[in-house]
Amino acid sequence: MQGFEMLLYGTDGATDNGGDPLYDEKSRKWKAGTKGFKDALAFVETVYREKLGPEVSDALDPNIATRVRGELLPEGRLGINLDGSWLPQDWLPGSGHAWPDWSERLGLAAMPTQHGQGPGKVSMSGGWTWAIPAKAANPDLAFAFIETMQSKANARKWYIANSGIAVREDVAEDPAYAKAQPGIAFFTDLVAHTHYRPAYPAYPKVSTAIQEAMESVTTGDASVAEAAENYDEELAAATDDQVTRG
Amino acid sequence: MTRRPGRPPHPALRSLIRALPVTPATVLLVLFLAGPIAYCVSIAFTDLQLTGQAEDSFVGLENFRTAFGDEAFRNAVWLTLVFTVVSALLGQNTLGLALAALMRRASKPVRTLVGGVVVTAWVLPEVVAGFLLYAFFRREGTLNAVLDWLGLPTQNWLYTLPILAVSFANVWRGTAFSMLVYSAALDEIPKEITEAAEVDGASGPRRLWHITLPMIRRSIGTNLMLITLQTLSVFGLIWVMTRGGPGGRSQTLPLFMYEEAFQKSMIGYGTAVALLLLVVGSLFSVVYLRLLRTEV
């Protein structure tokens with residue numbers, strides 16, 4: 001079950017300078033009972049209740065993502081797939097389901113906001129970072145190593161090789177990078193409007209609670225109101241009651 | 001040179017010398033078996049998390065209180081019981097006994113063929129078996145193809161009856177073990193006893209009930225104990241087939257434990273659930289041990 005946060009970060013509460021829809025930086029509390037959360041759940045519920053998406057049983061199949069990438073999209077059996085920049089990696093030669101002309105048969109579009117309100121598109125990013133442990137024996141050498149790895153030439157080589165999205169602006173503007181893969185320029189442009197999940201220790205639990213809420217409206221086990229209420233309870237338990245009600 | 005009979009060493013010294021050869025094994029056992037278990041028990045009483053928290057603290061029975069108050073935990077306990085009773089006690093056990101009994105009368109080629117097929121299912125790696133049964137039960141799977149050919153209604157079994165689908169998978173995968181145990185046990189029954197019963201006019205079912213079952217009672221007990229403990233810890237099979245879903249409808253305790261400990265990063269709570277799983281296993285064992293004790 002994916003895609004909920006793409007909906008949530010495009011709702012009113014998130015786009016009108018309300019900040020992160022999950023976490024309030026000012027009060028350092030997690031947000032419960034927001035309208036945006038319920039709106040996003042309602043969207044998911046509508047998709048499955050009105051049969052606009054896949055069959056519920058297919059959507060909950062643990063191998064659905066593999067089928068989408070390997071069968072449904074290449075065979076032209078799926079109209080819209082809400083996915084990310086990593087997807088074309090699965091169609092490279094040697095991947096088992098190579099699809100060399102994917103960029104001619106698939107169009108790319110940014111995820112719109114709830115009512116098309118500014119900035120008009122939503123994107124979520126995650127990732128990794130190079131870090132030096134506080135107790136490292138030789139932090140200066142480690143820093144020099146990271147500097148070398150992240151130089152323009154090396155970073156460009158790295159992002160082209162693993163079809164990642166560059167974080168250096170000079171790499172992003174480099175034609176060799178921009179043309180390395182179809183779609184790279186499109187995804188790199190989205191970084192300007194991208195959101196990051198709240199990186200706090202409680203987040204994995206919050207993420208699971210979101211999954212559960214989304215799954216329960218998908219199966220019809222719970223209404224939107226019930227699922228949102230369950231999420232609020234789970235959120236309070238997951239964050240030691242560090243919760244604010246919007 | 002003749003060996004003079006020496007004085008026997010002091011008893012304490014003697015037992016020390018005798019203990020010497022087993023010392024390395026004991027140290028290894030304590031270090032690698034008892035150690036992790038003790039560590040496991042100790043963190044079950046803390047709020048240890050895998051999220052880089054500054055420090056964890058002792059929380060007493062809090063984790064256990066949380067578990068019993070958690071609807072998802074109670075659901076997992078119930079599903080674990082269903083899974084164990086249906087797939088191990090009823091499925092693997094009865095089917096294994098039936099196969100073992102039938103194979104005694106079968107001709108050699110049939111015996112080799114059936115034995116080979118059943119044992120193959122058993123030796124397959126868990127993930128491979130899980131994927132095969134996923135392919136069998138899914139909407140475009142083999143089962144539905146057969147049902148469709150017979151003109152019967154089809155459905156996505158992993159969605160409509162997930163716990164039965166994974167139970168069947170466990171039967172398919174685990175029956176060989178029971179079959180082998182019972183084959184060995186049935187070979188042990190002296191022919192004369194069966195023949196005597198036959199001469200006395202005992203029918204097939206009567207012979208089974210009054211001769212065979214009582215005579216292999218110990219094997220039944222051992223087999224039940226082993227397959228129950230194996231089934232209680234099944235993880236990979238269910239994970240591959242359903243991930244415990246949809247909506248937690250096939251989430252047995254091992255999967256619940258994994259979700260809490262590694263997906264939500266609450267390793268302390270997950271470990272407490274592991275200890276509760278251990279309790280469930282011991283309860284089953286106690287029942288079997290009692291069954292074993294009564295003499296006929």
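Please read all numbers here as calculations on a predicted model, not as lab measurements. Every chain is numbered from 1 and lettered A, B, ... according to where its sequence line falls, protein lines coming before strand lines.
Between chain B and the options A:Thr219, A:Thr208, A:Asp221, heavy-atom pairs under 4.5 Å are most frequent for A:Thr208. Annotation: maximal heavy-atom pairing with chain B below 4.5 Å, among A:Glu212, A:Glu55, A:Lys205, occurs at A:Lys205.
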Between B:Glu259 and A:Gln211, is a side chain to side chain contact (heavy atoms under 4.5 Å, CB included) present by the stated rule, with each step listed?
-> CA-CA 12 Å; B:Glu259 180 179 308; A:Gln211 293 252 347; over 6 Å; no
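When each of A:Val56, A:Leu60, A:Thr218 is tested with B:Pro246 by the rule side chain to side chain contact (heavy atoms under 4.5 Å, CB included), just one qualifies, namely A:Leu60.
The heavy-atom pair separating B:Met241 from A:Pro62 by the smallest distance is O-CG, 3.3 Å. The nearest pair of heavy atoms linking A:Ser57 to B:Arg139 is OG-NH2, 3.1 Å.
Rounded to the nearest 0.5 angstrom, A:Asn63 CG and B:Arg243 CZ are separated by 6.0 Å. To the nearest 0.5 angstrom, B:Thr242 atom OG1 is 10.0 Å from A:Asp61 atom CG.
Ion pair A:Arg67/B:Glu140 flagged as a salt bridge, since at least one NZ, NE, NH1 or NH2 atom sits closer than 4.0 Å to an Asp/Glu carboxylate oxygen. Ion pairing of B:Arg138 with A:Asp58 is absent here, as no side-chain N (NZ or NE/NH1/NH2) approaches a carboxylate O to less than 4.0 Å.
For chain A, no part of B:Phe262 is nearby; none of its heavy atoms comes within less than 4.5 Å. For B:Gln155, no part lies near chain A; criterion is any non-hydrogen pair under 4.5 Å. Contact of A:Glu233 with chain B is not made at all, since no heavy-atom distance falls under 4.5 Å.
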